[in-house]
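By convention in this document, chain letters (A, B, ...) are assigned in the order of the sequence lines, proteins followed by strands, and residues within each chain are numbered from 1.
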Amino acid sequence: MSLELEFDDGREVFATEEMTLNMGPQHPSTHGVLRFIIRADGEVMRSAKADVGYLHRSIEKIAEKVGWRGFMPYTDRVDYVAAMTTNQAWAMAAEVLGGVTVPRRGEYCRVIAAELGRICSHLLAAGAMGMDIGAITPFTHAVRERELINDLLEELCGARLTFNYMRVGGVAWDLPPGFGAKVLRFLDHFEPYVDELDDLLSNNKIYIERLAGVAVVTRERAIAYNLVGPNLRASGVKYDIRKHLPYSVYPEFEFDVPIGMGLHGSVGDCWDRYIVRLHEMRQSARILRQALEGLPEGPVIAKVPRNYKPAAGEIHVHVETPRGDQSWYVVADGTEYPYRVHIRTGSFAAMSIIEELSRGLMVADLVALIASFDIVAPEVDR
Amino acid sequence: MQAYLDAVATGYPTLPPFVVYLLGMLAFGALVVFVFILPVAGITSWVERRVWARIQSRIGPNRVGPGGFLQWLADGLKNLLKEDVIPAAVDVPLFRLAPYVVVAGFCAAFVALPFAGSLIIADLNIGILYVSAITSLVVIGILMAGWSSNNKWSMLGGIRSATQIICYEIPVGLSIFPAVLLSGTLSMQGIVAAQGWAPTSWHMFHSPFLFVAFVMFFVGALAEGNRTPFDLPEADSELVAGFATEYSGMRSLLFFLAEWGNLYVIGVLVSTLFMGGWQVPRFTDNTTLLTVAQFATMFLKAYFWVFVAMWVRATLPRVRVDQFMTLCWKYMVPIGLVNVIGTAVVMVMLPNGSAVLRWMMAAVAVAILVQFARRVRFHLRRADYGRLGRISEDPA
């Protein structure tokens, strides 16, 4: 039993016996089936090692057996909190390999669906963040707003969680009549709500105290660990796939890429990661308004042969999901089945940095840390 | 109560007096526990769930009885009938005992709580000291539960509870002190008697120091009741369920019963120390009527603070352990010491208090309330959610 413990950064604390804690796979705030092996000295952690794989469902392997068009429903399950963007990634990969051009209206439908999905996902992230810090009310409020989007998407494609809306070559269904008006009505209601969330949660003194300056990821560390999406942008790196590797019709829209400003602590702390998501919801609302305004007429899906066989080749597709750059590496061998599919997801990238960040934090901070990275367990394991 | 038992003891010379007293105490204790404490704690659970639900745009329990009012009975019955699981590796005697210690701790506090001018089980001359001591028994129970569960999350919860009591007991003690100084007694009835029914005669408005002490006491009391933002021992998102992780059925429920019951104790203490307790204007000479009015006043005052605690719990996030310790030791203890000295100085300078100061303090309190209401109103969005309905419905 040692009485002095030295951390890597030279801090010395009074220490007693080390204790190993298993956080998960069943734990209320691991956001799915995740496990952390915590070596702790009382409340202070020496390390929290992530143990992933509890939700591995071989989705990439399944792709090799179900074919190009049959794989679409499975992509919903990669990230069930934001299924639209995952749909889009797969559709894009298949289209580029097969040389299919999506009609413009189809692309607009995709953008509308994807941005609604992004708001959905960020709402859940922000609410769950509050929940993990101990504030229960923001979560139910966020879910209440999310329910409205779910209603919209249900009307669009019949599903509320696993949408299976997009197809190789476009989208399955055109927007239902009056859909645009309903989305606009929702946005009018929603934009003030984000300000309300600011009042309720973001600027709460205790909330700031818990998050500001906790688990700071510097710009260099964020790039070195290949963080993506809001987690990267919170560290001050202005990088958004929609802007910097543009796909679909995103270049036609005006929107900003919010980055972490270190308003209450230093750039790249938990609070920055939270607030970036809040700002992104506002930007998504902006994109939605523009997309609804400029919605072109025409078909929503291109003519694609029933037996879809793209030419042999390989492709690396990047899509900006709510959890960041989701890159799909797809190899085609000219048959009706993909030869190999690999997905690299944002949550997976974020898992790798948790062990480093957790050193010297308290157990209560680990919960904030996991929530701030917006980790969705099925996306880690696929 | 005492007089009645004395009469009984002399009336039945065949029985030794201590048996009469013991039976009398048991009967009266059981009466208070089952007729008042348990229903209050149970109904508080229903009220809390309904209040939360309103704040969180939900409905809450509304199936059992009118408005779900009997939900607490259904839950209690369900938990009584559930299997009492005792995990294999726990320290069985301690594990079984812990919930009873917790419940005993909070029930025993009711002995010295004044319900009305003539309604108090025992007006101890050290009443407030007794209450603050006996409620610490709850922490012993929690520590027992955490330690005996043989679960690291439980243990962390138990240790957190022990840490917490060391932190909050001193500020709470220091904030009780000014009220005791003013009243010149530790007896609960004495403290109430030292105040009047009018808000300006409450201890709260005696001087700025008392007002600060009042706020500090409420904050400390929230910690004492394991309420958000200080619900560290059972932090559900961090420690699973803290000390209660391994408990199930009625034993688990007893912990929560103690928590809800403690809410009421907190409310009574705040009202007694700072808000004039059961004091009502002497509007009638009918003692029964007066007692009922006093009881109702006390209950409403106490329940107002219960409601505020619920509101706080539904709104605020949880502080971290080290932040809580910082708050208590670095801020509340020094402020508490200043309060005690300041109160003493004010008492020497103004032996009879100052009506001007009291009115000023009351005005400050009103100003704070008005500003608070204004802020809340500002933040409240138009309640357009009801009008909006399901977005999918066509706009009418």
field: Residue pairs involving residues 117-136 of chain A (criterion side chain to side chain donor-acceptor pair (under 3.5 Å); sequence neighbours excluded)
entry: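 Every pair satisfying side chain to side chain donor-acceptor pair (under 3.5 Å) with a residue in residues 117-136 of chain A: A/His31-A/Asp132, A/Glu115-A/Arg118, A/Ser121-A/Arg323, A/His122-A/Glu280.
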Name every donor-acceptor pair, under 3.5 Å, that has one atom in a side chain of residues 363-371 of chain A and the other anywhere in the protein, sequence neighbours excluded.
{"unit_1": "A/Asp365", "atom_1": "OD1", "unit_2": "B/Arg320", "atom_2": "NH1", "d": "2.9"}
{"unit_1": "A/Asp365", "atom_1": "OD2", "unit_2": "A/Met362", "atom_2": "N", "d": "3.4"}
{"unit_1": "A/Asp365", "atom_1": "OD2", "unit_2": "B/Arg320", "atom_2": "NH1", "d": "3.3"}

- request: Any ring pair (Phe, Tyr, Trp, His ring centres under 6.0 Å) involving residues 223-245 of chain B? Give me the pairs, sequence neighbours left out, ordered by first then second residue.
  value: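 Every pair satisfying ring pair (Phe, Tyr, Trp, His ring centres under 6.0 Å) with a residue in residues 223-245 of chain B: B/Phe230-B/Phe324, B/Phe243-B/Phe255.
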Heavy-atom count check: over 12 atoms from other residues, nucleotides or ligands less than 6.0 Å from [X] [atom1]?
| X | atom1 | result |
| --- | --- | --- |
| B/Gln371 | CD | yes |
| B/Ile86 | CD1 | yes |
| B/Arg54 | CZ | no |

Measuring from [X]:[atom1] to [Y]:[atom2], what's the distance to the nearest 0.5 Å?
| X | Y | atom1 | atom2 | value |
| --- | --- | --- | --- | --- |
| B/Ser57 | A/Glu145 | OG | CD | 8.0 Å |
| B/Leu327 | A/Ile206 | CG | CD1 | 9.0 Å |
| A/Leu200 | B/Thr315 | CG | OG1 | 7.5 Å |

Looking at [X] and [Y], would you say the former's side chain and the latter's main chain have a donor-acceptor pair under 3.5 Å?
| X | Y | result |
| --- | --- | --- |
| A/Glu209 | B/Val319 | no |
| A/Arg210 | B/Arg318 | yes |
| A/Thr137 | B/Ala314 | yes |

message: Go through it in stages, so that I can follow the logic: the residues are A/Leu21 and B/Leu156, the test is side-chain contact (heavy atoms from CB on, under 4.5 Å), and I'd like the CA-CA distance, side-chain angles, deciding distance and then a yes or no.
response: CA-CA 11 Å; A/Leu21 269 167; B/Leu156 276 180; 3.9 Å; yes
task: For B/Met155 and A/Met19, run side-chain contact (heavy atoms from CB on, under 4.5 Å): C-alpha distance rounded to whole Å, both residues' side-chain angles, the deciding distance at 0.1 Å, then the answer.
output: CA-CA 11 Å; B/Met155 200 189 74; A/Met19 159 168 89; 4.3 Å; yes
query: Is it the side chain or the backbone of A/Asn22 that comes within 4.5 Å of chain B heavy atoms, both, or neither?
result: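 Interface part for A/Asn22: backbone (N, CA, C, O).
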- request: Name the region of A/Met23, side chain, backbone, both or neither, that has any atom closer than 4.5 Å to a heavy atom of chain B.
  value: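 Both parts, heavy atoms under 4.5 Å.
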- request: Output the option from A/Leu201, A/Asp195, A/Thr20 having the highest count of non-hydrogen pairs under 4.5 Å with chain B.
  value: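 Option with the top pair count is A/Thr20.
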task: May I ask you to list the residues in residues 143-154 of chain B that approach chain A closer than 4.5 angstrom, counting heavy atoms only, ordered by number?
output: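 Within residues 143-154 of chain B, the residues under 4.5 Å from chain A are B/Lys152, B/Trp153.
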